[in-house]
Amino acid sequence: MKNISRNEFLKDLSLLAGLAAIPGFSQASDTYLKASRMKLGMVTYLWGKDMDVPTLIKSCSASGIGGVELRVDHAHGVMPGLSAAERKEVKKKFADSPVKIVGMGTNQQYDSPDQVKLRDSIEKTKEFVRLSADIGGSGVKVKPNQFHKGVPHEQTIEQIGKALNELAKYAADYGQQIRLEVHGNETQDLPNIKAMMDVATHPNATVCWNCNPEDLKDGGLVHNFNLVKDRFGDIVHVRELNDTSYPYQQLMDLFVGMNYDGWILLECRTDPADKVQAMKEQKKIFNDMVASAQKKTGKS
């Protein structure tokens with residue numbers, strides 16, 4: 001068992017106290033806490049897009065959400081233009097709370113055939129790597145976006161993979177992970193993501209599962225999950241877990257079955273009036289799904 005600081009211990013107690021106050025939490029939590037190390041967090045898109053840092057921390061603490069990925073250009077204002085002092089202030093606010101910064105969620109992409117644009121995106125990603133390190137995050141989310149007319153798919157795949165390798169090596173020096181979101185027209189098809197990762201051989205280049213309809217194509221969820229599961233990083237993006245258009249329980253079964261210990265991050269698309277209550281409801285659904293998955297997989 002690793003040693004933890006007194007502050008970390010107190011933060012864990014604070015988070016557990018918040019979780020215990022959520023209706024229905026106790027029904028699933030005992031098994032969850034014993035056997036699963038998966039953690040529920042959120043992406044600031046869309047439920048947190050209008051929240052500044054104090055509001056994010058307050059909302060996540062009240063709902064039992066343990067971490068946040070800070071999407072760029074949102075009201076939290078955490079961007080590369082922050083001074084060293086401002087970065088320290090952001091880091092301290094989260095460090096003094098039960099909520100962790102999971103990392104930065106960027107829109108940087110490496111598919112453009114324009115080599116000037118490609119290099120600019122790579123360098124901007126490095127800025128976010130340094131920012132994430134300064135504020136206490138653990139990685140940077142990036143994405144492929146599209147294939148381009150007249151450019152062979154294989155060429156774009158290789159270009160993305162090579163960019164990821166460069167960034168993964170750079171980020172490792174800052175203790176950060178590069179997380180490729182399964183995203184984009186055709187680029188989000190899992191065979192294409194696997195091909196990119198076959199080029200991006202650096203172990204610090206990882207995949208962020210993104211819960212797209214395309215996950216269910218060409219062999220189905222289990223087949224596509226298995227294509228990239230050996231490259232999963234510390235984050236997964238999900239929508240509302242009670243959205244029946246996607247097999248979320250089956251997905252939780254797969255993650256529990258492989259002993260996944262990263263962050264399941266809510267990237268919800270609806271616009272409820274009471275965001276904190278909606279977050280509490282998602283937390284309860286998550287706990288129940290994990291408990292059910294543990295029962296099925298024998299992980300409890």
Side-chain angles (χ1 to χ4, degrees), residues 2-12 14-15 39 41-45 48-61 65-110 119-143 163-181 200 202-206 208 233-237 261-263 265 267:
K2 71 174 184 178
N3 294 324
I4 61 174
S5 69
R6 180 177 182 276
N7 285 342
E8 289 175 321
F9 177 71
L10 291 175
K11 283 196 292 183
D12 287 345
S14 176
L15 179 58
K39 304 166 285 287
M42 69 175 287
V43 180
T44 55
Y45 177 93
K49 69 181 179 66
D50 297 320
M51 297 181 187
D52 59 16
V53 168
T55 305
L56 271 174
I57 291 173
K58 181 179 179 181
S59 299
C60 289
S61 299
I65 301 296
V68 291
E69 179 184 271
L70 301 174
R71 182 66 67 87
V72 300
D73 299 321
H74 283 177
H76 54 71
V78 181
M79 292 290 286
L82 292 182
S83 67
E86 289 169 329
R87 295 178 186 214
K88 288 181 181 179
E89 182 180 359
V90 171
K91 183 176 182 178
K92 186 177 188 304
K93 285 179 180 178
F94 280 97
D96 290 343
S97 81
V99 183
K100 295 182 181 295
I101 295 180
V102 178
M104 297 299 304
T106 80
N107 294 312
Q108 299 307 314
Q109 51 202 257
Y110 318 109
R119 178 45 53 183
D120 181 65
S121 190
I122 290 172
E123 295 306 318
K124 284 180 178 176
T125 305
K126 291 178 181 179
E127 292 181 12
F128 281 108
V129 166
R130 298 191 295 271
L131 174 63
S132 182
D134 287 345
I135 62 175
S138 60
V140 174
K141 186 272 295 180
V142 299
K143 59 190 181 185
L164 293 172
N165 267 334
E166 176 182 339
L167 288 165
K169 181 179 179 181
Y170 181 86
D173 290 338
Y174 289 86
Q176 301 295 300
Q177 189 177 76
I178 296 296
R179 300 153 173 168
L180 183 73
E181 183 179 51
H202 195 291
N204 199 40
T206 67
C208 167
D234 290 344
I235 67 169
V236 173
H237 287 172
D261 63 357
W263 289 93
L265 300 177
E267 189 181 25

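Computation of the quantities below employed the complete heavy-atom set of this structure, encompassing side-chain atoms and omitting hydrogens, waters and symmetry-equivalent molecules.
- Across every non-hydrogen atom of S97 and I57, the tightest pair is CB-CG2, 3.5 Å.
- The side chain to side chain donor-acceptor pair (under 3.5 Å) check on K92 picks up D96, with sequence neighbours excluded.
- Counting only heavy atoms from C-beta outward, the side chains of L167 and V129 never approach each other to under 4.5 Å.
- The distance from atom CD1 of I135 to atom NZ of K88, rounded to the nearest 0.5 Å, is 14.5 Å.
- Here the side chains of L56 and V99 are not in contact, with every heavy-atom distance at 4.5 Å or above.
- You'll find the side chain of V53 stays beyond 4.5 Å of the side chain of L70, heavy atoms only.
- Here L131 contributes atom CG and M104 contributes atom CE; the two are 5.0 Å apart, rounded to the nearest 0.5 Å.
- Panel note: side chain T44, backbone K49; no donor-acceptor pair is recorded below 3.5 Å.
- Salt bridge absent: R130 and D134 never bring a charged side-chain N and a carboxylate O closer than 4.0 Å.
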Exercise for the section: Please lay out, stage by stage, how Y110 and T125 fare under the test side-chain hydrogen bond (donor to acceptor under 3.5 Å, both in side chains). Expected result: CA-CA 10 Å; Y110 318 109; T125 305; 2.7 Å; yes
Problem - Check against side chain to side chain contact (heavy atoms under 4.5 Å, CB included), I178 and Q176 - result: CA-CA 7 Å; I178 296 296; Q176 301 295 300; over 6 Å; no
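- Atom NZ in K169 sits 7.5 Å away from atom NE2 in H202 (nearest 0.5 Å).
- In this structure, the side chains of K124 and D120 come closer than 4.5 Å at one or more pairs of heavy atoms.
- Under a cut-off of 6.0 angstrom, the local environment of NZ in K126 is crowded, with over 12 non-hydrogen atoms contributed by other residues, nucleotides or ligands.
- Of the possible donor and acceptor atoms, one in the side chain of H76 sits under 3.5 Å from a partner among the backbone N and O of R71.
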Practice task
Could you please spell out the steps behind the side chain to side chain contact (heavy atoms under 4.5 Å, CB included) verdict for D234 and T206?
Solution key: CA-CA 8 Å; D234 290 344; T206 67; over 6 Å; no
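- The heavy-atom pair separating I122 from A163 by the smallest distance is CD1-CB, 3.9 Å.
- Of all non-hydrogen atoms in P80 and F128, the two that sit nearest each other are CD-CE2, 3.5 Å.
- Between D73 and M79, some side-chain heavy-atom pair lies under the 4.5 Å cut-off.
- The heavy-atom pair separating P54 from K93 by the smallest distance is CG-NZ, 4.3 Å.
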Problem - Evaluation steps, side-chain hydrogen bond (donor to acceptor under 3.5 Å, both in side chains), between N107 and K143 - result: CA-CA 7 Å; N107 294 312; K143 59 190 181 185; 3.0 Å; yes
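- The main-chain N or O of Y45 is never found under 3.5 Å from a side-chain atom of E267 such that the two would form a donor-acceptor pair.
- Under the 4.5 Å side-chain criterion, counting only non-hydrogen atoms from C-beta, I101 is in contact with V90.
- Without hydrogens or angle criteria, K100 side chain to F94 main chain gives no donor-acceptor distance under 3.5 Å.
- When side chains are defined from C-beta on, R179 counts as touching V102, because their heavy atoms get closer than 4.5 Å.
- Between T106 and V72, the closest heavy-atom pair is CA-CG1, 3.9 Å.
- Between G103 and S132, the shortest heavy-atom contact is CA-OG, 3.9 Å.
- Using a 4.5 Å cut-off on side-chain heavy atoms (C-beta onward), Q177 and S138 make no contact.
- Distance check, rounded to the nearest 0.5 Å: OG of S121 to CD of Q108 gives 4.0 Å.
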